[in-house]
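Take a look at the structure below.
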Amino acid sequence: MKSYKLLTPGPLTTTDTVKQEMLFDHCTWDDDYKQITQEIRRGLLKLAHVSPEEYTVVLMQGSGTFGVESVLTSVIGTGDELLICANGAYGERMADIAEHAGIKHHVYNEHYNKVPNAQKIGEMLDADPAITHVSMVHSETTSGILNDIEAVGKVVKEKGRVFIVDAMSSFGGVDIPVKDWGIDFIISSANKCIQGVPGFSFIIARKDLLEASRGKARSLSLDLYDQWKTMEKDGKWRFTSPTHVVLAFAQAMKELEEEGGIEARNRRYTENNRLLIEKMGEMGIRPYIDSAHQGPIITTFFYPEECHFTFTQMYNYIKDRGYAIYPGKVTEAETFRIGNIGEIYPEDIEKVCSLMREFLEKYNHEEKGGAQA
Ligand SMILES: *Cc1c(COP(=O)(O)O)cnc(C)c1O
């Protein structure tokens, strides 16, 4: 099988040592396994800079969306109202979830290349006292923009509301002091910046609010409170857990620590990202998000001017030579995306940029040759 590295923001390229953990078929009910779950939960609390007295961690089967859906449908009661701040597809997905579950909600749509404005959110909360919860995405993977959850969290707390953050593609790669930033529920998943494989999401939650959500869930399998109560007893998951994924994740957590924690990982990602934008710029390929708001996870690029190739042609050329890139997702422009998280280093960025240069030169050459013939 011909392999390639993933320059997609999850699933991403993992280490061999993480993958090797999945060769063992672990029993789910024995103490060793339950201890692994508990260690993961303790480790995640540390990464979030919160105490076990105030916060807890719930692991939830399924991809990241299951985690977001679990929180929104379990903690927002029938008398509550949610304000969703959206500047990309993942913010819009929260509205979709709310729609499906019949959660009363309002959407503050911001343009894809702009961050939601904390002051505006404050004004919306003042104007509508019925709003009880505010949700938003941290790293909007749609564009690569990094939203200012610190500023928004401050406002949401000042106004006495509950703050829910989808930090799917940032947690573990960007340091987030969860309590200091006024976050009550934060969601991420196994296959993003912790660098595990896909199979579960995790929620770091304020204990008192979780306790207060008892009986509110609209779904059985996504009932966050119930999942927590079962897991809290001794680390046993409610329903079958993705054992191989859990073992791989425990190893990925160790490797994050060995790398030097979130700070070191953030440095590597930031350097990957800086180098990527610099090298692409040398070829006349510009990012969609301005540098003040560009996050260190994934970058959306405009196609170079006067280009006539398709994404598939570019994708196949690069994939055949060892890297998988990502199509664009913003609506108003022709773009493509390159992620730089996972087991990816500056030499990979150099390599993919030189492949891109080769592709552009080859393509232009063929175009000219074709025109002459
Ligand atoms: C990856 C991601 C999700 C979850 O997507 P799944 O396909 O369900 O894993 C949610 N929000 C953001 C910002 C993401 O990057």
Side-chain angles (χ1 to χ4, degrees), residues 6-14 58-73 82 84-98 100-101 107 109-110 112-116 134-149 152 163-174 176 183 185-204 219 221-222 224 242 245-246 248-249 252 265 269 273 288-289 293-300 324-330 335 337-342 344:
L6 296 172
L7 298 177
T8 58
L12 35 65
T13 293
T14 56
V58 188
L59 311 183
M60 181 64 77
Q61 294 92 333
S63 79
T65 305
F66 292 63
V68 176
E69 186 151 15
S70 171
V71 172
L72 297 185
T73 61
L82 170 67
I84 300 164
C85 312
N87 61 338
Y90 294 99
E92 287 161 12
R93 189 175 293 174
M94 293 204 244
D96 211 4
I97 290 169
H100 274 77
V107 186
N109 277 303
E110 195 48 273
Y112 280 22
N113 62 11
K114 290 212 167 61
V115 299
V134 177
S135 70
M136 87 186 258
V137 172
H138 185 209
S139 163
E140 232 319 339
T141 321
T142 310
S143 64
I145 201 167
L146 193 67
N147 290 330
D148 192 351
I149 52 170
V152 174
F163 192 31
I164 299 167
V165 173
D166 166 351
M168 211 68 64
S169 68
S170 55
F171 190 86
V174 177
I176 306 173
I183 303 167
F185 295 88
I186 191 164
I187 308 130
S188 186
S189 73
N191 59 280
K192 303 238 169 158
C193 297
I194 308 281
Q195 298 189 183
V197 303
F200 70 86
S201 60
F202 55 87
I203 295 104
I204 300 162
S219 137
S221 53
L222 294 176
L224 188 67
V245 179
V246 169
F249 191 78
R265 182 152 294 177
Y269 288 173
N273 189 256
Y288 168 76
I289 298 296
H293 297 297
Q294 171 64 50
I297 308 298
I298 182 171
T299 310
T300 296
I325 64 169
Y326 221 34
K329 203 169 176 159
V330 304
T335 58
R337 290 177 293 171
I338 298 184
N340 55 259
I341 60 176
I344 297 296

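In this text the structure is predicted, and so the values were computed from the model without any measurement. Whatever order the structure lists them in is the order used to number ligands and atoms, beginning at 1.
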Do ligand 1 and [X] have nitrogen or oxygen atoms that lie under 3.5 Å from each other?
{"X": "E140", "value": "no"}
{"X": "Y90", "value": "no"}
{"X": "S189", "value": "no"}
{"X": "S139", "value": "no"}
{"X": "G64", "value": "yes"}

Within the 4.0 Å heavy-atom shell around [X], which atoms of ligand 1 are there?
{"X": "S63", "result": "6 (P), 8 (O), 9 (O)"}
{"X": "T65", "result": "4 (C), 5 (O), 6 (P), 8 (O)"}
{"X": "S169", "result": "15 (O)"}

Anything under 30° is parallel, anything over 60° is perpendicular, the rest tilted; go ahead and classify F249 against F202.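 Rings of F249 and F202: tilted, 30 to 60°.
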To check your reading of the model: name the closest protein heavy atom to [atom], its residue, and the distance in Å.
{"atom": "atom 11 (N) of ligand 1", "value": "D166 OD2, 2.7 Å"}
{"atom": "atom 2 (C) of ligand 1", "value": "K192 NZ, 2.5 Å"}
{"atom": "atom 3 (C) of ligand 1", "value": "M168 CG, 3.4 Å"}
{"atom": "atom 13 (C) of ligand 1", "value": "T141 OG1, 3.3 Å"}

Taking the side chain as everything from C-beta on, heavy atoms only, tell me whether [X] gets closer than 4.5 Å to [Y].
{"X": "I204", "Y": "F171", "value": "yes"}
{"X": "N191", "Y": "T14", "value": "no"}
{"X": "V134", "Y": "C85", "value": "yes"}
{"X": "L146", "Y": "H138", "value": "yes"}

Report the residue from I97, I164, V58 that forms a side-chain contact (heavy atoms from CB on, under 4.5 Å) with V71.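 That would be I164.
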Any idea which of R93, E69, M94 brings a heavy atom closest to atom 7 (O) of ligand 1?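 Shortest heavy-atom distance from atom 7 (O) of ligand 1: R93.
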Between [X] and [Y], what is the shortest heavy-atom contact and its length?
{"X": "F200", "Y": "L59", "result": "CE1-CD2, 4.1 Å"}
{"X": "V137", "Y": "G91", "result": "CG2-N, 3.6 Å"}
{"X": "I297", "Y": "S170", "result": "CD1-CA, 4.5 Å"}

Classify the contact between V137 and ligand 1 as side chain, backbone, both or neither, using a heavy-atom distance cut-off of under 4.0 Å.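 Just the side chain.
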At under 4.0 Å between heavy atoms, is it the side chain or the backbone of P198 that contacts ligand 1, or both, or neither?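 For P198, no heavy atom sits under 4.0 Å from ligand 1.
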With a cutoff of 4.0 Å, is H138 in contact with ligand 1, counting heavy atoms of the residue only?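 No heavy atom of H138 comes that close to ligand 1.
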Cut-off 3.5 Å, side chains only: do T141 and S169 have a donor facing an acceptor?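 Note: T141 and S169 side chains meet the donor-acceptor criterion.
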